[in-house]
Amino acid sequence: MKPFIYHNPTKIVFGKDCVVESLASELEQYGKRVLVTYGGGSIKKNGVYDTVINVLQEAGKEVFELSGIMSNPRTTKVREGIALCKDHQIDFILAVGGGSVIDCTKFIAGGAKLPDGVDFWQTFFLEHQPVTEAIPFGVVLTMAATGSEMNNGGVITDWETQKKLSGYGPAIFPQFSMLDPTYTYTLPREQVAYGIVDMLSHLMEQYMSTPDDDNVTDSAIEGVFKNIVRNGRKSMENLEDYEARSNIMWGATLALNRSLGLGKDQDWMTHALEHALSAFYDIPHGEGLAIMHPAYLRWILPKATNRLMRFAREVWGIERGSMTEEEYALAGIEALEAYFREIGAPSTLQEVGIPKESLEAIAESCVRYPTAYSNLSVEDAQLIYESVFEK
Ligand code: NZQ
Ligand code: ZN
């Protein structure tokens, strides 16, 4: 196990009705002027908006709003939020939504503390400076997927330059996150599936890496992975299965609150391959991952054979029988692919409308770096994309 330091200050409040019961008390210590950030309107349809606004009004807060945060949130929206915070001296931000709303909020919170004239994209994304000061913010989570509710990273897209990049910093952990599984009941089926793909992908990014030792973290990943597979299936069968939705909601948080990568190198190359796709074609993150993760695992198979055999055995319970090492490693990848198909996620780029001619440009824009099992050139990235263009 490699050395590590772990510190995660985000307070989690979990359970049915937690927003009604606990939001007001969590907000007591913060100032009066609260900005509520949200997406394209789902929270108005399912009643979450009314619940949150009622709590805020009863708590005597002055409420401001930033709506219309799009999936794969863009620099333009972050800038709009920063201006709003500066104009109205916002004391606290409450993000009500999924990963896109939370990520956008993180960089609004950090960007609002930058001096006038200093751009957040240049500072936090192009120069990779960590966010060290931010307006405090909290989360009411409505979608189980990214883990953004309990980590200090976020992903923003600059549509003009077609770059989707990650930023981070000690100041952008949410102060608290409220997780009511019933708030996720209204998610469209395909978004539930994309969320499941995303959380499993986060687990694999951490699991498929060195050192290939007997790390307790790997055993924890295997347990969380199997639970999500099982409860993901139950969730798809009955979107209002409280126990199943609870498990995938907390499972998603665990999968990327950064505790399950401790002591390991981690990989994250599949995420880089996916971010390049959604920067060009604005597809849902989980959709791109469902296509790219099996493709990347096939690519690293010759170097990661041991890990992949363990994945087949421990996660999928596959018996080796007379299989060669390569066949056994491949069997785990095929089980993963079959699961993604079973829950309704796509497996080719063609299915999601990405044209073959664009793959070279996407490969060029993909952020590449050496990992334990790969060191992709532009040509390699293009080959990986091409391998899943069509079946
Ligand atoms: O915008 P609204 O109308 O709210 O609709 C959203 C959106 O269309 C809808 N939705 C959310 N909760 C709902 C609901 N619809 C009905 N009922 C509800 N309860 O779902 C759609 C997708 O929401 P979005 O927030 O975009 O999804 P997700 O949580 O998957 O977030 C994706 C973004 O997070 C980034 C991704 O790259 C992408 O930009 N990621 C962030 C990470 C992080 N900060 O740690 C890590 C991830 O790997 C990921 O890269
Ligand atoms: Zn992800």
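Remember, it's 1-based here, ligands and their atoms both numbered in the order they're listed. Numbering starts at 1 and runs along the sequence shown. As a basis for the values below, the full set of heavy atoms in this structure was taken, side chains included, without hydrogen atoms, waters or symmetry mates.
Side-chain N or O atoms of K32 include one that pairs as donor or acceptor with a backbone N or O of G60 at under 3.5 Å.
The aromatic ring centroids of Y185 and Y242 lie 6.0 Å or more from each other.
For the salt bridge (Lys or Arg N to Asp or Glu O under 4.0 Å) test with R307, the passing option among D218, D265, D267 is D218; the others fail.
Here E237 does not pair with K234 in a salt bridge; the nearest charged N to carboxylate O distance is not below 4.0 Å. Under a 4.0 Å N-O distance rule, the pair K11/E26 qualifies as a salt bridge.
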Can L165 and F124 be said to form a side chain to side chain contact (heavy atoms under 4.5 Å, CB included), step by step?
CA-CA 10 Å; L165 301 176; F124 301 139; over 6 Å; no
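For a heavy-atom separation below 4.0 Å, the residues in contact with ligand 1 are G39, G40, G41, S42, N46, S71, N72, P73, G98, G99, S100, D103, T142, M143, A145, T146, S148, N151, G153, G154, V155, K164, Y183, T186, L187, P188, Q191, D198, H202, L256, H271, H275, H285.
Remark: at the Zn ion (ligand 2), atom NE2 from H285 and atom NE2 from H202 enclose 170°, rounded to the nearest 10 degrees.
In this structure, a donor-acceptor pair under 3.5 Å is absent between the side chains of N215 and K264.
At a cut-off of 2.8 Å, D198 coordinates the Zn ion (ligand 2) through an N, O or S atom.
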